[in-house]
**Student:** 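The structure under discussion is supplied below as structure tokens; questions concerning it will follow.
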Amino acid sequence: MMEEKPYVFVTRKVPVSSLALLEEIAEVEVWPKEDEPVPYDILKEKAKKATGLFTMLSDRIDAGLLAEAKQLKVVANLAVGFDNIDIEAATEEGVVVCHTPDVLSDTTADLTFALLMAVARRIVEAAEYVKKGDWKNWAPLLLAGHDIHHKTIGIVGMGRIGTAVAKRAKGFDMTVLYHNRKKDYEGERTVGATYVSFDELVSRSDFIVCLAPLTNETINLFTYDTFKQMKESAIVVNVSRGAVIVEEDLEKALENNLIAGAGLDVFKDEPISNGHPLLRFPNVVALPHIGSASKETREEMASLSSQHIINVLKGTKPEAIVNDDVWKK
């Protein structure tokens with residue numbers, strides 16, 4: 001009699017090729033909708049019989065779900081972040097949590113710098129200006145934006161992505177400041193970044209780029225008082241988590257011309273509607289959380305997530321464990 005394969009639930013449609021090896025050793029069920037998250041009650045039911053979960057940032061893996069998932073061994077999150085998962089509860093239940101660092105660093109850095117440039121040079125405004133038929137004549141200051149080269153960029157959260165952004169900034173002859181929980185000596189050596197306090201960073205930088213993970217220390221980090229410390233010509237770019245910015249305070253800062261603009265790939269509650277208050281500002285460029293969304297990178301992330309599950313099912317240590325204590329036990 002054939003041994004029953006372990007059951008793995010994938011919470012969103014992913015590239016078929018990324019699941020091929022996983023399907024050889026497990027019964028794999030995929031939530032069929034690409035742009036619609038699996039409802040929590042369905043996810044909870046699937047988790048009860050699952051050995052592995054292949055999850056997205058939009059999936060809430062909380063203590064209640066983990067407590068009832070008695071067969072669960074691994075949760076592989078298709079992201080570098082994992083604030084959607086109760087890591088403490090997973091550790092208590094003996095569930096390995098994995099994520100996908102490294103593979104998305106350059107792709108996210110590309111998007112971060114593209115967003116910075118789009119706001120600074122008013123790219124979206126200019127494109128819409130042409131499409132609406134408003135371009136009648138050339139003028140010296142028509143849609144004039146802000147230079148990027150030889151300016152100061154302040155990076156909040158100098159991890160792998162932050163270092164990759166700093167490398168791109170150096171190509172524009174920018175001065176790189178950074179703030180982190182601890183000094184990044186490797187980053188200082190490789191990209192010439194300078195560690196400063198958070199207050200100094202926001203007051204000195206022409207571009208403030210947030211790439212910090214969402215933690216108790218970073219939630220609501222950017223308040224109205226923070227924006228008041230910035231230069232009136234400063235541009236804020238957030239490609240980390242929406243909740244690091246108090247959105248009502250950013251709205252107020254833009255209304256009062258405290259800063260020159262904002263580029264946002266993330267929001268506190270996602271997705272946002274086209275009636276979101278921040279969308280009324282022409283100097284805000286808003287994107288639908290596409291930081292790592294290149295075809296090549298998403299395929300690599302999906303393959304890595306699958307491999308994490310395969311490794312755990314085979315008793316081999318995965319590459320990127322969030323709660324390493326579980327594996328040691």
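Small disclaimer: the values here were computed from a predicted structure and weren't measured.
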**Student:** Quick one: closest heavy-atom pair of Val176 and Lys170, and the distance?
**Tutor:**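 Taking Val176 first and Lys170 second, the nearest heavy atoms are CG2-CE, 4.0 Å.
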**Student:** Do Thr223 and Asp225 get their side chains close enough for a donor-acceptor pair, meaning under 3.5 Å?
**Tutor:**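 Per modelled atom types, Thr223 and Asp225 side chains form no pair under 3.5 Å.
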**Student:** Do Thr297 and Thr107 have a side chain donor and acceptor closer than 3.5 Å?
**Tutor:**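 Per modelled atom types, Thr297 and Thr107 side chains form a pair under 3.5 Å.
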**Student:** Are Lys317 and Asp324 ion-paired here, with the side-chain N under 4.0 Å from a carboxylate O?
**Tutor:**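 Between Asp324 and Lys317 there is a salt bridge, with a charged N closer than 4.0 Å to a carboxylate O.
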**Student:** Tell me whether Val236 is reachable from Phe172 by hopping between hydrophobic residues (I, L, V, M, F, W, Y) whose side-chain heavy atoms are closer than 4.5 Å.
**Tutor:**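 No: no chain of side-chain contacts under 4.5 Å links Phe172 to Val236.
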**Student:** Looking at Trp31 and Glu36, would you say the former's side chain and the latter's main chain have a donor-acceptor pair under 3.5 Å?
**Tutor:**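 Between the backbone of Glu36 and the side chain of Trp31 there is a qualifying donor-acceptor contact (under 3.5 Å).
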**Student:** If you draw a 6.0 Å radius around CD in Glu88, do more than 12 non-hydrogen atoms from other residues or ligands fall strictly inside?
**Tutor:**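 Atom CD in Glu88 is not packed in, count stays at 12 or less.
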**Student:** Please check if atom NZ in Lys44 has more than 12 non-hydrogen atoms from other residues, nucleotides or ligands closer than 6.0 Å.
**Tutor:**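 Yes, enclosed.
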**Student:** Taking C-beta and beyond as the side chain, do Lys33 and Lys13 meet within less than 4.5 Å on heavy atoms?
**Tutor:**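 They are not in contact (no side-chain heavy atoms under 4.5 Å apart), so the answer is no.
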**Student:** For a 4.5 angstrom cut-off between non-hydrogen side-chain atoms, does Leu221 reach Thr226?
**Tutor:**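 Side chain of Leu221 against side chain of Thr226, heavy atoms only: no contact under 4.5 Å found.
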**Student:** Give a yes or no on this: more than 12 heavy atoms of other residues, nucleotides or ligands lie within 6.0 Å of atom CD of Glu29.
**Tutor:**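 Atom CD in Glu29 is crowded, with more than 12 foreign heavy atoms closer than 6.0 Å.
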**Student:** Is the closest basic N to carboxylate O distance between Glu247 and Lys252 below 4.0 Å?
**Tutor:**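 The answer is no: the pair does not qualify as a salt bridge.
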**Student:** Could you check whether any side-chain heavy atom of Val284 comes within less than 4.5 Å of a side-chain heavy atom of Val124, counting everything from C-beta outward?
**Tutor:**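 Of all side-chain heavy-atom pairs linking Val124 with Val284, none is under 4.5 Å.
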**Student:** A side-chain contact here means heavy atoms from C-beta on lying under 4.5 Å apart; do Met301 and Ser292 qualify?
**Tutor:**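 Contact flag for Met301/Ser292 side chains = yes.
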**Student:** Say you draw a straight line from CG of Asp59 to CZ of Phe54; how long is it, rounded to the nearest 0.5 Å?
**Tutor:**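 Between Asp59 CG and Phe54 CZ, I get 10.5 Å after rounding to 0.5 Å.
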**Student:** Going by the side-chain contact (heavy atoms from CB on, under 4.5 Å) test, name the single residue among Ile155, Asp265, Val209 that passes it with Val237.
**Tutor:**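 Testing Val237 for a side-chain contact (heavy atoms from CB on, under 4.5 Å) against Ile155, Asp265, Val209 leaves exactly one candidate, Val209.
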**Student:** Do Val96 and Lys73 come close enough that some side-chain heavy atom pair is under 4.5 Å?
**Tutor:**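 Contact flag for Val96/Lys73 side chains = no.
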**Student:** Locate the shortest heavy-atom distance separating Val266 from Ser240; write the atom from each residue and the value.
**Tutor:**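 That would be CG1-O, 3.6 Å.
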**Student:** Using 4.0 Å as the upper bound for N to carboxylate O, is an ion pair formed by Lys48 and Glu45?
**Tutor:**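 Lys48 and Glu45: salt-bridged.
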**Student:** To the nearest 0.5 angstrom, please state how far the OG atom of Ser306 sits from the CD atom of Glu23.
**Tutor:**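 One gets 8.5 Å once the value is rounded to the nearest 0.5 Å.
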**Student:** Among the clusters formed by ILVMFWY side chains lying less than 4.5 Å apart, do Val312 and Leu72 turn up in the same one?
**Tutor:**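 They do not share one cluster, since no chain of ILVMFWY contacts under 4.5 Å joins Val312 to Leu72.
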**Student:** Can you check side chain to side chain contact (heavy atoms under 4.5 Å, CB included) on Val202 and Phe227, steps first, answer last?
**Tutor:** CA-CA 8 Å; Val202 298; Phe227 296 120; over 6 Å; no
**Student:** For side chain to side chain contact (heavy atoms under 4.5 Å, CB included), just list the numbers for Thr152 and Phe207, CA-CA rounded to whole Å, side-chain angles, deciding distance to a tenth of an Å, and then say yes or no.
**Tutor:** CA-CA 7 Å; Thr152 297; Phe207 299 93; over 6 Å; no
**Student:** Could you tell me the separation between the CD atom of Glu125 and the CG atom of Asp134, rounded to the nearest 0.5 Å?
**Tutor:**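 That separation rounds to 11.5 Å.
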**Student:** Answer yes when Arg12 and Glu34 have at least one side-chain N-carboxylate O distance shorter than 4.0 Å, and no when they do not.
**Tutor:**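 Salt bridge absent between Arg12 and Glu34.
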**Student:** Kindly work out whether a path of hydrophobic side-chain contacts (I/L/V/M/F/W/Y, heavy atoms less than 4.5 Å apart) joins Leu214 to Leu57.
**Tutor:**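 Different hydrophobic clusters.
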**Student:** Do the charged groups of Glu188 and Lys183 touch, with an N to O distance under 4.0 Å?
**Tutor:**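 Judged by the 4.0 Å cut-off on N to carboxylate O distance, Glu188 and Lys183 do not form a salt bridge.
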**Student:** Given the rule that I, L, V, M, F, W and Y join up when any side-chain heavy atoms are under 4.5 Å apart, are Leu304 and Val8 in one cluster?
**Tutor:**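 Hydrophobic grouping puts Leu304 with Val8.
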**Student:** Please identify which of these residues, Leu22, Val75, Val10, meets the side-chain contact (heavy atoms from CB on, under 4.5 Å) condition with Ile309.
**Tutor:**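 Of the listed options, the one satisfying the test is Leu22.
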**Student:** Decide yes or no for Phe222 and Val246: does some side-chain heavy atom of the first lie under 4.5 Å from some side-chain heavy atom of the second?
**Tutor:**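 In short, these two side chains do not touch, never coming nearer than 4.5 Å.
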**Student:** Return yes when atom CZ of Arg280 has more than 12 non-hydrogen atoms of other residues, nucleotides or ligands closer than 6.0 Å, and no otherwise.
**Tutor:**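 Atom CZ in Arg280 is crowded, with more than 12 foreign heavy atoms closer than 6.0 Å.
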**Student:** Would Val244 and Ile161 show up in the same hydrophobic cluster when neighbours are defined by side-chain heavy atoms closer than 4.5 Å?
**Tutor:**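 Unlinked, Val244 and Ile161 end up in two clusters.
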**Student:** Search all heavy atoms of Ala302 against all heavy atoms of Val14 and return the closest pair with its distance.
**Tutor:**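 Where Ala302 meets Val14 most closely, the heavy atoms are CB-CB, 4.3 Å.
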**Student:** Are the side chain of His149 and the backbone of Asp173 linked by a donor-acceptor contact shorter than 3.5 Å?
**Tutor:**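 Not confirmed, His149 side chain does not pair with Asp173 backbone.
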**Student:** What are the two closest non-hydrogen atoms of Ile153 and Val165, and how far apart are they?
**Tutor:**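 Closest approach of Ile153 to Val165: CD1-CG1, 4.0 Å.
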**Student:** When rounded to the nearest 0.5 angstrom, what is the spacing between NE2 in His146 and CG in Leu116?
**Tutor:**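 Here the rounded value is 11.5 Å.
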**Student:** Between Asn323 and Val95, is there a donor-acceptor pair closer than 3.5 Å when you use the side chain of the first and the backbone of the second?
**Tutor:**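 Between the backbone of Val95 and the side chain of Asn323 there is a qualifying donor-acceptor contact (under 3.5 Å).
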**Student:** Within the side chain of His99, is there an N or O that forms a donor-acceptor pair under 3.5 Å with the backbone of Ile321?
**Tutor:**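 Judged by distance alone, no pair lies under 3.5 Å.
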**Student:** Which pair of non-hydrogen atoms, one from Ser305 and one from Asn77, has the smallest distance, and what is that distance?
**Tutor:**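 Answer, listing the atom of Ser305 first, then Asn77: OG-O, 3.9 Å.
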**Student:** So how far is it from Glu186 CD to Asp184 CG, rounded to the nearest 0.5 Å?
**Tutor:**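 That separation rounds to 7.0 Å.
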**Student:** What salt bridge (charged side-chain N to carboxylate O under 4.0 Å, His left out) pairs are there with at least one residue in residues 205-216, not counting sequence neighbours?
**Tutor:**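 Sorted pair list: Asp206-Lys231.
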**Student:** Asn257 side chain to Ala260 main-chain N or O, any donor-acceptor pair under 3.5 Å?
**Tutor:**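 The answer is no, because no donor-acceptor pair under 3.5 Å joins these two groups.
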**Student:** Can you list the residues that meet the salt bridge (Lys or Arg N to Asp or Glu O under 4.0 Å) rule with Arg60, with sequence neighbours excluded?
**Tutor:**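 Result, salt bridge (Lys or Arg N to Asp or Glu O under 4.0 Å) vs Arg60: Asp62.
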**Student:** Are Phe9 and Glu27 close enough that some pair of their side-chain heavy atoms sits under 4.5 Å apart?
**Tutor:**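 Phe9 vs Glu27: side chains apart.
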**Student:** Check step by step if side chain to side chain contact (heavy atoms under 4.5 Å, CB included) holds for Leu264 and Val285.
**Tutor:** CA-CA 6 Å; Leu264 307 170; Val285 176; over 6 Å; no
**Student:** Which atom pair, heavy atoms only, marks the closest approach of Ala69 to Ala47?
**Tutor:**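 Nearest heavy atoms, Ala69 then Ala47: CB-O, 3.3 Å.
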**Student:** Tell me if the aromatic rings of Tyr178 and Tyr195 count as close, with their centers under 6.0 Å from one another.
**Tutor:**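 Yes: the rings meet the under 6.0 Å criterion.
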**Student:** I'd like to know if the side chain of Asn180 and the backbone of Met158 have a donor-acceptor N/O pair within less than 3.5 Å.
**Tutor:**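 It does hold such a pair.
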**Student:** State plainly whether the residues Glu200 and Arg204 are in salt-bridge range, i.e. N to O under 4.0 Å.
**Tutor:**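 Yes, this pair counts.
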**Student:** Tell me, yes or no, whether the heavy-atom count around Trp327 atom CH2, taken from other residues, nucleotides or ligands under 6.0 Å, exceeds 12.
**Tutor:**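 Enclosed: over 12 neighbouring heavy atoms sit under 6.0 Å from CH2 of Trp327.
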**Student:** With a 4.5 Å cut-off on side-chain heavy atoms, are Val74 and Cys98 touching?
**Tutor:**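 Cys98 reaches Val74 side chain to side chain.
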**Student:** Are any side-chain N or O atoms of Arg122 and backbone N or O atoms of Ala144, one a donor and one an acceptor, separated by less than 3.5 Å?
**Tutor:**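 Judged by distance alone, yes, a pair lies under 3.5 Å.
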**Student:** Just verifying a value: how many Å separate Phe82 CZ and Ile85 CD1, rounded to the nearest 0.5 Å?
**Tutor:**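 Rounded to the nearest 0.5 Å, the CZ-CD1 separation comes to 8.5 Å.
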**Student:** Is Ser18 reaching over with its side chain to a backbone N or O of Pro15, donor-acceptor style, under 3.5 angstrom?
**Tutor:**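 Yes, Ser18 side chain to Pro15 backbone: donor-acceptor pair under 3.5 Å.
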**Student:** Answer yes when Asp106 and Arg168 have at least one side-chain N-carboxylate O distance shorter than 4.0 Å, and no when they do not.
**Tutor:**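 Between Arg168 and Asp106 there is a salt bridge, with a charged N closer than 4.0 Å to a carboxylate O.
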**Student:** Under the side chain to side chain contact (heavy atoms under 4.5 Å, CB included) rule, what do Met230 and Ile208 come out as? Steps first, then yes or no, please.
**Tutor:** CA-CA 9 Å; Met230 296 179 185; Ile208 296 95; 3.9 Å; yes
